[in-house]
Amino acid sequence: MKSWGMFVGGQYRPAASGKDFPVINPKNGSTIAKVAHGEQADVDAAIAVAQQASSTWAAYSGARRGDIMHKAAEILESRLPELASLEVDQIGRPINEMRAQLARLPEWFRYFGALARTQEGTVPPFDGHFLNYTRRVPLGVVGLITPWNHPLLILTKKVAPALAAGNAMVIKPSELAPITPMLLGEIMAEAGVPDGVFNVVTGFGAGAGAALSQHKGISKIDVTGGTETGKVIASMAGKNLTQVSAELGGKAAVVLFPDVDVQQGVAAALFASFIASGQTCVQGARLLVHESIHDQVVAEIVRRTAQIRIGDPLEKTTQMGPLVSARQRDLVEKYVAIGQAEGAHLAAGGQRPQGAPFEAGFYYEPTVFTHVKPHMRIAQEEIFGPVMCVIPFKTEAEAVEIVNDVDFGLAASVWTKDVARAHRVAQAIQAGIIWINDHHRIDASSPWGGFKMSGLGRENGIVAYQAYTQIQNIIVNLSSEPFDWYADDGQEKRYS
Ligand code: NAD
């Protein structure tokens with residue numbers, strides 16, 4: 001079995017304590033590898049290394065950083081098959097899903113590499129004989145804390161703008177999926193990112209994660225994780241006035257209006273709810289269906305849900321793998337029991353699949369609740385598993401009210417052929433990402449993040465690049481007239 005050190009300063013190092021921890025394959029509970037168990041001392045060392053390297057990287061021109069990031073995109077592309085199968089081993093998502101997701105990642109390095117190359121400063125007007133300009137400069141060393149559900153995608157969304165803007169970084173990946181993030185470090189090194197700019201400290205949230213979040217040596221912490229984790233991290237970072245960006249939980253709604261083709265609506269709902277076994281922050285966890293098509297949609301969803309092929313995630317024909325951990329599976333079981341106790345009707349799934357290949361892994365059937373009331377816990381709280389809650393509605397206003405009546409505000413999708421209604425509803429929904437006749441769509445250029453308890457700040461797009469910089473304003477006096485405030489020359493003094 002392979003043992004991994006943590007990737008710091010361009011090489012793999014053991015933890016200062018010498019300890020490690022196992023990474024478990026969720027399809028059968030076997031240990032895939034042992035990984036160094038980083039803690040405070042390892043975070044301190046990694047930040048010191050990053051601080052040393054940061055001025056070198058910051059001094060590279062945008063064009064040079066852009067070239068390196070384009071090279072990184074090419075190397076990443078060549079290593080995708082190996083990365084995809086490792087991601088499957090770490091988190092249990094089907095190989096088809098991981099291939100499709102990872103194939104997109106080079107776009108992030110190309111997009112942000114292009115931004116590094118093309119960013120311009122500004123020349124704001126300044127009254128009088130002055131040249132006034134602004135430039136964006138790196139923040140310095142930033143801390144990136146990532147979850148397990150899309151290990152490389154989420155890391156890439158943070159690394160690409162951070163690198164483009166000239167920062168060094170210390171990454172604390174999820175303890176459940178720490179291996180592929182380190183391989184990204186190898187790719188960066190091969191592309192020409194100087195050693196010490198991209199560092200990974202593997203470990204747990206309460207240890208390495210907390211040490212990173214409260215370290216005075218970082219200028220920003222960028223976390224993706226649960227809302228409670230985000231609050232804890234933000235409060236630790238706040239003590240040092242460290243900037244915080246946070247992509248947190250969600251309870252996205254899929255809204256099917258009466259003019260939607262039933263088969264298309266059903267396909268949309270299944271894709272929104274069950275991809276990644278529902279373990280995505282923008283999972284279509286609530287399906288709002290207009291009462292006129294409700295029964296037809298529900299009957300078809302129940303039929304199609306039962307046909308989803310659960311199995312070994314490395315098999316090409318598998319459509320749903322295990323959940324990431326026994327803990328996550330137990331949580332889903334707990335919520336299914338809560339839903340039943342609340343009076344929702346369990347229309348599909350609701351149990352572990354039976355039989356030999358499933359018993360050793362953390363499998364759970366895709367599950368559909370109908371007759372769900374908007375205030376029920378299963379319709380309010382993030383379950384992060386393959387559970388869809390179907391809620392009927394009568395009017396557009398009622399649909400909007402239900403969609404907005406949760407603490408979260410990450411995403412929603414609106415399905416209708418009525419253009420005016422689509423935009424009207426989209427604009428009334430309190431969420432950062434709204435799809436019209438689509439779900440789960442993402443692009444390197446398109447801002448991603450949440451309203452309300454779903455987060456702070458945005459990933460992707462120019463705003464993400466800018467959020468990894470700080471503005472420096474330079475005011476140049478173009479006059480050669482002498483200026484002496486304290487001169488006893490009898491003149492009235494002006495400062496302009
Ligand atoms: P999590 O909150 O358990 O962990 C996320 C990361 O934070 C991990 O690296 C973990 O080790 C670390 N962490 C945990 N406690 C910490 C602490 N006290 N101090 C510092 N670091 C700590 O989340 P998870 O289970 O890995 O991921 C699932 C969650 O992530 C869901 O809530 C999901 O909605 C959210 N998520 C959000 C987005 C988004 O874009 N908004 C995307 C994916 C996942």
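All ligand and atom numbering here is 1-based and tracks the order in the structure. Not measured: the values here are computed from a predicted model. Any value given below was found using the heavy atoms of this structure, including those in side chains, with hydrogens, waters and symmetry copies removed.
When heavy-atom distances to ligand 1 are checked against a 4.0 Å cut-off, Glu175 comes that close only through its side chain, counted from C-beta outward. Within the 4.0 Å heavy-atom criterion, neither part of Leu176 lies near ligand 1.
A salt bridge does not link Glu87 to Arg99: none of the charged side-chain nitrogens sits closer than 4.0 Å to a carboxylate oxygen. A salt bridge is defined here as a Lys NZ or Arg NE, NH1 or NH2 lying under 4.0 Å from an Asp or Glu carboxylate O, and Asp330 with Arg327 fails to meet this definition. The pair Asp443-Arg104 counts as a salt bridge, with a side-chain nitrogen and a carboxylate oxygen less than 4.0 angstrom apart. Between Lys27 and Asp312 there is a salt bridge, since at least one side-chain N of the basic residue sits less than 4.0 Å from a carboxylate O of the acidic one. In this structure, Glu107 does not pair ionically with Arg110, as no charged nitrogen and carboxylate oxygen lie closer than 4.0 Å. Salt-bridge check for Lys19 with Glu39: passed, with a basic side-chain N closer than 4.0 Å to an acidic carboxylate O. For Glu186 and Arg79, the salt-bridge test passes: some basic side-chain N is under 4.0 Å from an acidic carboxylate O.
Residue-to-ligand polar distances keep Phe384 apart from ligand 1: every N/O pair is separated by 3.5 Å or more. In terms of polar-atom proximity, Glu382 is counted as a contact of ligand 1, with an N or O under 3.5 Å from an N or O of the ligand. Considering backbone and side-chain atoms alike, Leu248 places an N or O below 3.5 Å from some N or O of ligand 1. Looking at ligand 1, you won't find any N or O of Ala206 less than 3.5 Å from one of its N or O atoms. Ligand 1 has an N or O atom lying under 3.5 Å from an N or O atom of Trp148, backbone or side chain. Considering both main-chain and side-chain atoms, Lys172 comes within under 3.5 Å of ligand 1 through a nitrogen or oxygen pair. Taking distance alone, with nitrogen or oxygen atoms compared against 3.5 Å, Lys157 stays at or beyond that limit from ligand 1. Of the N or O atoms in Thr146, one or more lie within a sub-3.5 Å distance of an N or O in ligand 1. For ligand 1, the polar-atom distance check against Trp448 finds a nitrogen or oxygen pair separated by under 3.5 Å.
Below 4.0 Å from some heavy atom of Ile154 lie the following atoms of ligand 1, by number and element: 42 (C), 43 (C). Residue-ligand proximity, Leu410 to ligand 1, at heavy-atom distances under 4.0 Å covers atoms 41 (N). Those atoms of ligand 1 with a heavy atom of Ser174 less than 4.0 angstrom away are 9 (O). Near Gly209, meaning under 4.0 Å from one of its heavy atoms, ligand 1 places the atoms 19 (N), 20 (C), 21 (N). Atom numbering of ligand 1 starts at 1 in the shown order; those under 4.0 Å from a heavy atom of Pro173 are 9 (O). Atoms of ligand 1 found under 4.0 Å from any heavy atom of Ser213, numbered from 1 in the order shown, are 20 (C). Taking every heavy atom of Asn149 and a limit of under 4.0 angstrom, the matching atoms of ligand 1 come to 43 (C), 44 (C). For ligand 1, the atoms sitting less than 4.0 Å from at least one non-hydrogen atom of Val232 are 18 (N), numbered in the order shown with element in parentheses.
Residues Pro322 and Gln279 approach most closely at O-NE2, 4.3 Å, considering heavy atoms. Ile378 approaches Glu342 most closely through the heavy-atom pair N-OE1, 3.4 Å.
The closest approach between any non-hydrogen atom of Met236 and ligand 1 is below 4.0 Å. Heavy-atom separations between Ala210 and ligand 1 include at least one value shorter than 4.0 Å.
With respect to atom 39 (C) of ligand 1, the closest heavy atom belonging to the protein is Cys281 SG, 3.2 Å. Protein heavy atom at the shortest distance from atom 27 (O) of ligand 1 is Pro147 CB, 3.2 Å. In terms of protein heavy-atom proximity, atom 5 (C) of ligand 1 is nearest to Thr224 O, 3.6 Å. When hydrogens are left out, the protein atom nearest atom 22 (C) of ligand 1 is Gly205 CA, 3.4 Å; that is the closest non-hydrogen contact. Ranking protein heavy atoms by distance to atom 23 (O) of ligand 1, first place goes to Gly226 N, 3.5 Å. Looking from atom 35 (C) of ligand 1 to the surrounding protein, the closest heavy atom is Gly225 O, 3.2 Å.
Between the side chains of Ser245 and Lys158, no donor N or O sits under 3.5 Å from an acceptor N or O.
Side-chain atoms of Thr469 do not come within 3.5 Å of backbone N or O of Ala467 as any donor-acceptor pair. Although no hydrogens or angles enter the test, the distance criterion places a donor-acceptor pair under 3.5 Å between the side chain of Thr227 and the main chain of Gly249.
Within the set Ile433, Ile145, Thr229, the minimum heavy-atom distance to atom 2 (O) of ligand 1 is found for Thr229.
Taking the centre of each ring, His70 and Phe109 stay at or above the 6.0 Å mark.
Remark: Lys34 is not positioned above the aromatic ring of Phe21, lacking an NZ or CZ atom under 6.0 angstrom from the ring centre and at most 45 degrees off the axis.
Using cut-offs of 30° and 60° on the angle between ring planes, the pair His37 and Phe204 is tilted.
Here the side chains of Ile462 and Phe112 are not in contact, with every heavy-atom distance at 4.5 Å or above.
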